[in-house]
Amino acid sequence: MKIAIGNDHAAPELKLAVIDHLKEKGIECIDMGCAIGEKCDYPNAAKAVCEKVVSGECDLGILICGTGVGMSIAANKVKGIRAACCSDYFSARLTREHNNANVLCFGARVVGEGTAIDLVDAFVDTPYSNEERHQKRIDLITELEN
Ligand code: RB5
C-alpha cells in the first residue's frame, strides 16, 4: 500500500509521527505537506494529495490541518475523492467500510497523537465492504458529483 500525506503549518509534527507509524507498518508514504517552520495553505496540500489518489499512484490519502475541516472541504471538491473528517475510531473504520472513503482528514488541534494513530490504523486496516446497499449509495454520491 502507498499513501499520500499532506498537512499545513498546523500539523507538521503530527504528520511526521503518522509517517513514522505507517513506515513501521510497512506502508510507503509520499509526503506532500509542508515542513516544520513553513507556512502553507491547506487547499494546495489537499490538491496535491488528492491528485496522487485519483491518478492511482497512491491507494489512499491522509490530510491534517488544524481542525481537519478545511482539508476535507477542499479534498471533496476533487472529482473521485471521498474525504472524511474524523476524530473517533468508529467513524474512521466505518467510512472505509460503508463510504469507501479514500482520504482521511483530521485536526492536529483536535486530536492528540494517540488518537491520530488510532484513526490512521482504522482507516488503512479496514477494507471497503463492497456490499450492494453501500455501493448503491456511493453511486448516488458519484451522480451528485457529476
Ligand atoms: C490554519 O490556521 C487553519 O485554518 C487550518 O489549519 C485548518 O484548521 C482549516 O480548516
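One-based numbering, in listed order, for ligands and for the atoms of each. Everything numeric in this text was worked out from a predicted model, so none of it was measured.
T95 is linked by a side-chain hydrogen bond (donor to acceptor under 3.5 Å, both in side chains) to N99, counting only residues two or more places apart in sequence or in another chain.
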Can you give me every donor-acceptor pair (side chain of residues 117-129, partner residue at least two apart or in another chain, under 3.5 Å) with its distance?
residue : atom : partner : partner atom : Å
D121    : OD1  : H21     : NE2          : 2.7
D121    : OD1  : K25     : NZ           : 2.9
D121    : OD2  : H21     : NE2          : 3.3
D125    : OD1  : K25     : NZ           : 3.2
D125    : OD2  : K25     : NZ           : 3.0
T126    : OG1  : A122    : O            : 2.6
Y128    : OH   : Q135    : N            : 3.3
Y128    : OH   : Q135    : OE1          : 2.7
S129    : OG   : E97     : O            : 2.9
S129    : OG   : E131    : N            : 3.4

Distance-only criterion, 3.5 Å: show the donor-acceptor pairs between side-chain atoms of residues 67-77 and protein atoms not counting sequence neighbours.
residue : atom : partner : partner atom : Å
T67     : OG1  : V69     : N            : 3.0
S72     : OG   : G68     : O            : 3.3
S72     : OG   : V69     : O            : 2.8
N76     : OD1  : A83     : N            : 2.8
N76     : ND2  : S72     : O            : 3.1
N76     : ND2  : A83     : O            : 3.1

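Without hydrogens or angle criteria, D8 side chain to D41 main chain gives no donor-acceptor distance under 3.5 Å. Checked by atom type and distance alone, the side chain of R82 pairs as donor or acceptor with a backbone atom of N100 at under 3.5 Å.
Contact residues for ligand 1 (protein heavy atom closer than 4.0 angstrom to any ligand atom): D8, H9, A10, Y42, C65, G66, T67, G70, R109.
The closest side-chain heavy-atom distance from V18 to K15 is not below 4.5 Å.
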